[in-house]
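Here's the structure, in structure tokens; my notes come after.
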Amino acid sequence: MKCLGLLCLLATGLSTLSVGAVKEGLKHKYYHRSCPQAEEIIANMMENFTSADQRVPARIIRMHFHDCFVRGCDGSILLNSTPVNKAEKDAPPNNPSVKGFELIDQIKEVLENKCPGVVSCADILTFATRESVHLSGKFERYQVRGGRKDGKISRESDALLNLPPPSANVQLLVQMFANKGLSLEDLVTLSGGHSIGVSHCSSLLGRHVNFSKTGTHDPTLDFHLAMKLKSECVGVHKAEPTVVVMDRFTPTSLDNKYYKGLLQNKGLFTSDQTLLTNTFTRKQVIANAVQPLAWKKKFVDAMIKMGEIEVLTGQKGEIRKTCDRVN
Ligand code: HEM
Ligand SMILES: *[C@@H]1O[C@H](CO)[C@@H](O)[C@H](O)[C@H]1NC(C)=O
Ligand SMILES: *[C@@H]1O[C@H](CO)[C@@H](O)[C@H](O)[C@H]1NC(C)=O
């Protein structure tokens, strides 16, 4: 922030206050009285979805990240485009790679039948993410505050401006996370989300075959992995675009193997591998690679923090009746 003395104090004081005031609307067991079974229903449904399809937790975790980074965790990613507005959902960073919207819609339908007009879509996505972390990483079901209201605005342009691209270097990533109140350590901790799930070959931006038009693979990508990706990605023109797993060691288990991979040049994106190029982020990567339990604890704290970015509470926003459109 560019400011002088007292002015600066005032400005930072005020912004801290406003953040504090917004967060005040969130609390643990928020639906304890209004919809006592809400969290258990979400847990049960997520368990069922996941046992039917192991890809579910990764999808939901990424959806939550993309919701929170764009206008805060307000369910804006869940809204459909309208004839006059292209929504976040249809922005290139989300469409077609973010999947699982129908699962959140299904949970909402069940909760609307149980307790109409009570549980926000933003909270459903946040709780469903907690379950996803629990189910894919054998994490404890950590406590999540509820009370988020649903936003009424969803714009493609906001998604493009706020979601980091896979080409991002560490400076850009640190900046984009700082814009959301997340630290350099949070950046490294949360990048561990890439220890589950898949990527479209297109998101590799040619790192495995023709990096920055050099005609060869990115030298910071492991040669054998590059060859493997090249052979797996040949089917790009088929109706269903080819995807590759993010973590070769344990593709469906949320764990610290991602960091071990980075140290072997096995991160899929520039935005992963770049974490080794800065002294501080590199230190964190090494620490996370050797201390799985410490990373787990940091991951939970960082997920909770991410889940409270710029939330709407109290009189702000609404409780949507259907997650894909405003009331
Ligand atoms: C640091 C900046 C980040 C960048 C540039 C980034 C970028 C990407 C990209 C390009 C994909 C592949 C999309 C596709 O082509 O299908 C992806 C997938 C994924 N990302 Fe990130 N990501 C970042 C941070 C995060 C964070 C903070 C989380 C959660 C904690 C996360 C969780 C995931 C998950 C779980 C997947 C797999 C999704 C699936 O299997 O459907 N990412 N990310
Ligand atoms: C989850 O699946 C079980 C077993 O099929 C079923 O009894 C239960 O009702 C399902 N839960 C929900 C919330 O749909
Ligand atoms: C790499 O990309 C550049 C620019 O698109 C292209 O001119 C070149 O032929 C490509 N090289 C290979 C080996 O595909």
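What you see is a predicted model; the values in this text were computed from it and never measured. We count ligands from 1, going down the list as the structure has it; atoms in each ligand are counted the same way. We're numbering straight along the sequence, starting at 1.
- Taking a cut-off of under 4.0 Å to the non-hydrogen atoms of Gly215, the atoms of ligand 3 that pass are 11 (N), 13 (C).
- Distance from atom 15 (O) of ligand 1 to its nearest protein heavy atom, with residue and atom name: Ser203 OG, 2.5 Å.
- In terms of protein heavy-atom proximity, atom 33 (C) of ligand 1 is nearest to His194 CD2, 3.4 Å.
- On a distance-only criterion, Val198 and ligand 1 share at least one N/O pair closer than 3.5 Å.
- Of the protein's heavy atoms, Phe65 CE2, 3.3 Å lies nearest to atom 25 (C) of ligand 1.
- Within the structure, ligand 1 lacks Arg55 among the residues with a heavy atom less than 4.0 angstrom away.
- Scanning all protein heavy atoms for the shortest distance to atom 2 (C) of ligand 1 gives Pro164 CG, 3.6 Å.
- Heavy-atom minimum distance, His66 versus Val70: O-CG2, 3.4 Å.
- Among all protein heavy atoms, the one lying closest to atom 4 (C) of ligand 3 is Lys213 CG, 3.5 Å.
- If you check which protein heavy atom lies closest to atom 34 (C) of ligand 1, you get Arg62 CB, 3.8 Å.
- Ligand 1 has a nitrogen or oxygen under 3.5 angstrom from a nitrogen or oxygen of His200.
- Within the 4.0 Å heavy-atom criterion, neither part of Val98 lies near ligand 1.
- Protein heavy atoms come within 4.0 Å of atom 14 (O) of ligand 2.
- For atom 8 (C) of ligand 2, the nearest non-hydrogen atom of the protein is Asn48 ND2, 3.8 Å.
- No donor-acceptor pair under 3.5 Å is formed between the side chain of Thr322 and the backbone N or O of Arg325.
- Distances from atom 2 (O) of ligand 2 to the protein include at least one heavy-atom value under 4.0 Å.
- In this structure, Arg155 contributes its side chain and Asp158 its backbone to no donor-acceptor pair below 3.5 Å.
- With a heavy-atom cut-off of 4.0 Å, Ser199 touches ligand 1 through backbone and side chain alike.
- From the protein, the heavy atom lying nearest to atom 41 (O) of ligand 1 is Arg59 CG, 3.6 Å.
- The closest approach between any non-hydrogen atom of Pro165 and ligand 1 is below 4.0 Å.
- At a 4.0 Å cut-off, not a single heavy atom of Lys99 sits close enough to ligand 1 to count as contact.
- Proximity annotation for atom 12 (C) of ligand 3: of Val209, Asn210, Thr216, Asn210 comes nearest, heavy atoms only.
- Set against the non-hydrogen atoms of Met246, the atoms of ligand 1 under 4.0 Å away are 17 (C), 18 (C), 19 (C), 36 (C).
- In terms of protein heavy-atom proximity, atom 35 (C) of ligand 1 is nearest to Ala58 O, 3.3 Å.
- When only modelled atom types and interatomic distance are considered, Asn256 and Asn288 share no side-chain donor-acceptor pair under 3.5 Å.
- For Asn327 (side chain) and Lys321 (main-chain N/O), a donor-acceptor pair under 3.5 Å exists by modelled atom type.
- Looking at atom 30 (C) of ligand 1, its nearest protein heavy atom turns out to be Leu190 O, 3.4 Å.
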